[in-house]
There are 2 protein chains.
Amino acid sequence: MARACQLMQQSLARALAHLDIKPPHLDILVNLFRFEGISQQELARKLLVGRSNMSMLLPQMEKRELIERRGDKQDKRVLRLYLTEEGRRVTEEAMTIQTALIDRMLSDAPIEECQAITVHMERVVSLLLQEEREPLEPAGDQ
Amino acid sequence: MARACQLMQQSLARALAHLDIKPPHLDILVNLFRFEGISQQELARKLLVGRSNMSMLLPQMEKRELIERRGDKQDKRVLRLYLTEEGRRVTEEAMTIQTALIDRMLSDAPIEECQAITVHMERVVSLLLQEEREPLEPAGDQ
DNA sequence: CCAATAATGTTCAACTATGAACAATAAAGT
DNA sequence: ACTTTATTGTTCATAGTTGAACATTATTGG
């Protein structure tokens with residue numbers, strides 16, 4: 001199953017090649033599409049990657065004029081992220097490609113099953129994130 | 001969903017830390033456990049990674065005496081892979097840990113659903129692998 | 001107001017995985 | 001037999017990701 005994810009990433013990468021973006025870029029674009037104006041930190045948290053990763057990718061996307069980074073006026077530490085018109089266009093096209101790929105993969109899976117899987121996966125994610133924060137401390141017992 | 005896989009890998013990595021092995025090593029061990037005597041090439045194909053990756057990991061595991069590499073007598077190119085006693089011991093312990101993790105994740109998912117998911121994932125894998133080999137050639141039509 | 005603590009983003013060294021180029025061996029075509 | 005083509009494993013340069021250390025700015029506590 002991990003292998004399936006791995007292969008889908010590779011396949012997605014190939015399908016996205018002609019737009020000159022890769023899966024990590026798409027992840028960023030999609031999240032900005034839905035949550036415009038978030039900070040780099042918030043974005044990194046949603047994507048489950050390190051802040052440093054954002055510091056590598058975002059400036060490069062800014063140079064390609066897919067996104068824009070504007071400093072927050074109330075907190076001079078944070079940079080808020082916005083899509084440019086070009087960025088929005090590319091995002092929509094890329095999402096179309098991604099959706100087509102996913103549909104093709106799940107074409108012979110019942111709809112309810114997909115939803116059930118999604119629900120479980122989200123539960124798994126929150127479960128693991130929670131565990132990450134409580135390494136090994138029962139705290140009250142013993 | 002890709003994120004869930006990512007997190008499970010991280011969680012598995014932490015759970016495996018005290019054995020001083022990482023998920024890629026476990027993948028190798030489990031496959032040797034089930035298919036003892038396969039070549040590096042076959043192993044790489046099963047794991048969906050490059051041959052070069054095997055060339056990096058396997059010698060290091062050989063030095064730690066988890067595996068053994070013996071040259072095939074009929075084909076002097078291939079190195080056949082075997083688990084040592086120590087390797088078998090570690091593999092069993094690591095599989096226990098992995099199984100426990102997976103069970104914990106899917107504890108509230110119905111059994112049939114898990115099986116259904118597995119079936120679909122395997123189909124997805126074979127579908128994508130097939131596509132990889134036929135990049136863009138309808139060949140007979142048009 | 002000032003010190004201490006925390007949060008954001010950047011930089012850098014380390015690690016992993018990859019694909020291309022290569023040497024050795026095998027298989028196929030002549 | 002000999003040349004050509006394919007396969008196996010290795011090496012190396014490259015790209016992507018991470019965590020730690022850092023500078024800057026906020027927040028908290030005295």
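Each chain gets a letter, A, B and so on, in the order its sequence line appears, and its residues count up from 1.
If you take CG on A:L83 and CD on A:E92, they are separated by 9.5 Å, rounding to the nearest 0.5 Å. Interatomic distance, CG of A:L32 versus NZ of A:K46, reported as 10.5 Å (0.5 Å rounding).
Counting non-hydrogen atoms under 4.0 angstrom, B:E42 reaches nothing in the nucleic acid.
Checking side-chain atoms of B:R80 against main-chain N and O of B:G37 turns up a donor-acceptor pair under 3.5 Å. Under the 3.5 Å distance criterion, the side-chain polar atoms of A:E65 are left unmatched by any main-chain donor or acceptor of A:E86.
Annotation: proximity of residues 12-25 of chain A to DNA chain D (heavy atom, distance under 4.0 Å) is found for A:K22, A:P24, numbered in ascending order. At a non-hydrogen distance threshold of 4.0 Å, B:S52, B:S55, B:R69 from residues 52-72 of chain B come into contact with DNA chain D.
The other residues sharing a hydrophobic cluster with B:I117 are A:M1, A:I117, A:M121, B:M1, B:M121, where clustering joins ILVMFWY side chains under 4.5 Å apart.
Residue-environment remark: CD (B:Q60) exceeds the threshold of 12 foreign heavy atoms within 6.0 Å.
In plain terms, the two heavy atoms of B:L101 and B:S11 that are nearest each other are CD1-OG, 3.8 Å.
The shortest side-chain heavy-atom distance between A:M61 and A:R64 does not fall under the 4.5 Å cut-off. The closest side-chain heavy-atom distance from B:L66 to B:T91 is not below 4.5 Å. At a threshold of 4.5 Å between non-hydrogen side-chain atoms, the residues B:V78 and B:E42 do not count as touching. Counting heavy atoms from C-beta on, the side chains of A:M95 and A:F33 come closer than 4.5 Å.
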5' to 3', nucleotides 1-8 of chain D under a 4.0 Å protein heavy-atom cut-off (B base, S sugar-phosphate only, - none) gives ------BB

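Bracketed by its first and final contacts, the part of DNA chain C lying under 4.0 Å from non-hydrogen atoms of chain B reaches from C:dT16 to C:dA26 in 5' to 3' order.
Partners of B:R70 by side chain to side chain donor-acceptor pair (under 3.5 Å), not counting sequence neighbours, listed by chain and number: B:E68.
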